[in-house]
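Notes for the one structure printed next.
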Amino acid sequence: MPQLSRYSDSRVEKLLDELSKVLETDKAPTDLSLMVLGNMVTNLINSSVSPAQRHALARSFAAALEASVSEDSAH
């Protein structure tokens with residue numbers, strides 16, 4: 001079941017579009033894009049979340065990421 005977000009779809013889509021454009025403009029390959037985005041997530045967690053909650057949030061994020069990955073052969 002999808003989770004409800006406190007943010008509008010349009011705000012999420014706008015940010016996603018802007019981040020995607022930066023990576024596309026740089027012609028960043030998939031592995032570099034994932035590395036940069038992973039570093040961004042790590043930095044956000046380490047700078048914005050209390051130390052006591054960081055590991056729980058990282059586990060929750062990883063679980064949500066894994067659940068959102070498609071098994072189809074769209075590649």
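For the numbers below, each heavy atom of this structure counts, side chains included, while hydrogens, waters and symmetry mates do not. Computed from a predicted structure; not experimentally measured.
Side-chain atoms of Ser60 do not come within 3.5 Å of backbone N or O of Ala56 as any donor-acceptor pair. Between the side chain of Ser48 and the main chain of Ile45, no donor-acceptor pair closer than 3.5 Å is present.
Rounding to the nearest 0.5 Å gives a distance of 5.5 Å between CG of Leu44 and OG of Ser47. A distance of 10.0 Å separates CG of Leu15 from OG of Ser10, quoted to the nearest 0.5 Å. Note that the CZ atom of Arg54 and the OG1 atom of Thr42 stand 11.0 Å from one another [nearest 0.5 Å].
Note on Val49 and Phe61: same hydrophobic cluster, where clusters join Ile, Leu, Val, Met, Phe, Trp and Tyr whose side-chain heavy atoms are under 4.5 Å apart, directly or indirectly. Taken together through direct or relayed side-chain contacts under 4.5 Å among Ile, Leu, Val, Met, Phe, Trp and Tyr, Val41 and Leu57 form part of one hydrophobic cluster.
Within a 6.0 Å sphere centred on CD of Glu18, other residues, nucleotides and ligands contribute more than 12 heavy atoms. Counting heavy atoms of neighbouring residues, nucleotides and ligands inside a 6.0 Å radius, atom CZ of Arg11 does not exceed 12 of them.
Inter-residue side-chain proximity for Met40 and Asn43 is flagged as unmet; no heavy-atom pair is nearer than 4.5 Å.
Checking Leu23, Val22, Leu16 one by one against Ser20, the side chain to side chain contact (heavy atoms under 4.5 Å, CB included) holds for a single residue, Leu16.
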